[in-house]
Amino acid sequence: MQTNTQNNQKITGSEALLKTLIAEGVDTIFGYPGGQVIPVYDTLYDYQDRLKHVLVRHEQGATHAAQGYARVSGKVGVALVTSGPGATNTITGIADALMDSTPMVVISGQVPSSLLGTDAFQEVDVIGITQAITKWAYQIRKPEEIAWAVSRAFYIASTGRPGPVVLDIAKDAQVGLIDYVYEKVDYVRSYQPIPDMKPHRIQQAAELINQAKKPLALVGQGVILSGAEAELHAFLEKADIPAGSTVLGLSAMASDYRLNKGMLGMHGNVGPNRKTNECDVLIAIGMRFDDRVTGNLQAYAPQAKIIHFDIDKSEVNKNVPVTVPVVGDAKQTLAAVTELLQPAKHTEWIAGFDPDEKEEQEKVIEKELNPKEGYLRMGEVIRKVSEATGNDAVLVTDVGQNQMMSVRYFKYKQTRSVVTSGGLGTMGFGLPAAIGAKFGAPDRTVCFFTGDGGIQMTIQELGTIMQENLNVKIIVLNNNFLGMVRQWQELFFNERYSSTVMANPDFTAIAKAYGIGSRTVEKREELDEAIAEMLNHDGAFLLVANVETHGMVYPMVPAGAAITNIIMGEK
């Protein structure tokens, strides 16, 4: 416990808030001022040398930026907004953070406590609205509560399975005077962020893996959140286990790692999807068996004994019955199981992925990356950008075809290199998330891929990039359609393209208005030069790639189908 008093000099609740944020390690806040949070912003004026405030153009952008910051830095993202519409505009980002286990604290101003319940101007029940989509939501009515509540919020947001916390601070609490006392919260009664590891489960898991002839690991974001990348590598190496990744778990392993067999799920790689239904022991690590990974649960890995490593016991046996639950922090549980493993070689089993990889290469990848004619393909643009960065950039995506193509064809060398909206699938996530990612990893190249639909949902955040002079590389994969919905309409709704054709503006003209470099490319022979211009440009750059209008993301497992029911392309 650390206690800090300021020479018995009283300070306002607003100053107590900022002092506690600094004590909790905060250096960047994404926000938008308003009437009921003005006292905090007034105090922030004197803290500009210690707290960087990024003025977004919409409160939803503040939450997504905070998410992007958290995902690449491993720290808690912070958003600061006013009451009423300011607070309600954060709902999508808060729900997104809960689905994707992103540590975030959203601080909203609120009307004075004397006016609560009177339908005062810009009053809304923030706590009632957000309780279902947060780990903790709390309203502060007294300045004496601020330091305690803020520290508690950061502890809850960042520990165990991370997630969002909301603090709603009444205006009179912001201006009231107190003797400031900060004590770091590191314990909350009835909250056990890391469950006790059960030795008999560790033993059972090791025994199953030692007996396995065809083991397969499924790597989720839990590995990254626990910082267990090295433990994962040691685990896979010792037992010679091939692995597939969820979308959010992709950069836990380098793309070229020999045991990395690619992405799982609806648009994942053929090998790990098929082998899910061939393995004898399936080892899920920090993933939640999302429906986009499992497909039809009745036909999912019926032959396999399943081991599930997860810090959240509510995820175990929720969707898929497991043989051995290993509840705890993956960094600890993986290391404990690895100690009990016998060194093994599964050469023949691993070689069995080769035919699947060859088939996917011939039927899908070659056509996407090396088309002989026609319009540019999304995949070839994405792969060329990745290669031009040395496969070492941070990938940020929006949602839709651009997202699935990006996570398929971008490559990774280091962890925390993928920022995308997984569970909620939030269009508009990408542009503000890219802003946050750049603040979270200022020394890394940030490449943001988006569709023409997604970018227009939060396009105003180009103003934030302009004001902050951020070097973010934006690639608009423009097909003049809401591409993913169009793909489903084409495959499953008899090509009835209802409300998916997009009439788009001149994106380069918009970029120019914001002082951002830009270019449009549609000829294949100009693509390399255009990418080089973008990456070499000093500052933000928006590259519009006009791509195939009716491009499709393959492979594809239809919704509700067995994970082995894979569409590889047109017949």
I'd like to check the salt bridge (Lys or Arg N to Asp or Glu O under 4.0 Å) partners of [X]; sequence neighbours left out, ordered by chain and number.
X: K411; value: none
X: D452; value: none
X: K52; value: E468
X: E387; value: none

Exercise. Which pairs, with at least one residue in residues 431-445 and sequence neighbours excluded, count as a side-chain hydrogen bond (donor to acceptor under 3.5 Å, both in side chains)?
Worked result: S417-R444
The criterion is ring pair (Phe, Tyr, Trp, His ring centres under 6.0 Å); which residues satisfy it with [X], sequence neighbours excluded?
X: Y155; result: Y191
X: Y45; result: none
X: F429; result: H64

For this session: Please confirm whether the backbone N or O of R57 pairs with a side-chain atom of Q460, one donor and one acceptor, at under 3.5 Å?
Result: no
Exercise. So is R383 actually on top of Y409's ring, under 6.0 Å and inside 45° of the axis?
Worked result: no
Problem set entry | side chain to side chain contact (heavy atoms under 4.5 Å, CB included) partner of S406, chosen from T420, V396, V385, L395 | L395
Exercise. Side chain to side chain contact (heavy atoms under 4.5 Å, CB included) with A173: which residues, sequence neighbours excluded?
Worked result: I140, P143, I169
Problem set entry | Residues which pass side chain to side chain contact (heavy atoms under 4.5 Å, CB included) with N402, listed by chain and number, not counting sequence neighbours | T397, D398, L477
Distance-only side-chain donor-acceptor flag, [X] / [Y], under 3.5 Å:
X: N89; Y: Q60; answer: no
X: Q489; Y: T500; answer: yes
X: Q110; Y: S83; answer: no

Exercise. Rounded to the nearest 0.5 Å, what separation is found between the CD atom of E145 and the CD atom of Q139?
Worked result: 9.5 Å
Exercise. Do you know the tightest heavy-atom contact between I474 and M534?
Worked result: O-SD, 4.2 Å
Result block: side-chain N/O donor-acceptor pairs under 3.5 angstrom for residues 29-41, not counting sequence neighbours:
| from | atom 1 | to | atom 2 | distance (Å) |
| --- | --- | --- | --- | --- |
| Y41 | OH | Y32 | N | 3.0 |
| Y41 | OH | H53 | NE2 | 2.8 |
| Y41 | OH | L80 | O | 3.4 |

Using distance only, find each side-chain donor-acceptor pair of residues 540-549 under 3.5 Å and give its atom names and separation, not counting sequence neighbours.
| from | atom 1 | to | atom 2 | distance (Å) |
| --- | --- | --- | --- | --- |
| N546 | OD1 | N478 | ND2 | 3.1 |
| N546 | ND2 | E522 | OE1 | 3.1 |
| E548 | OE2 | H550 | N | 3.2 |

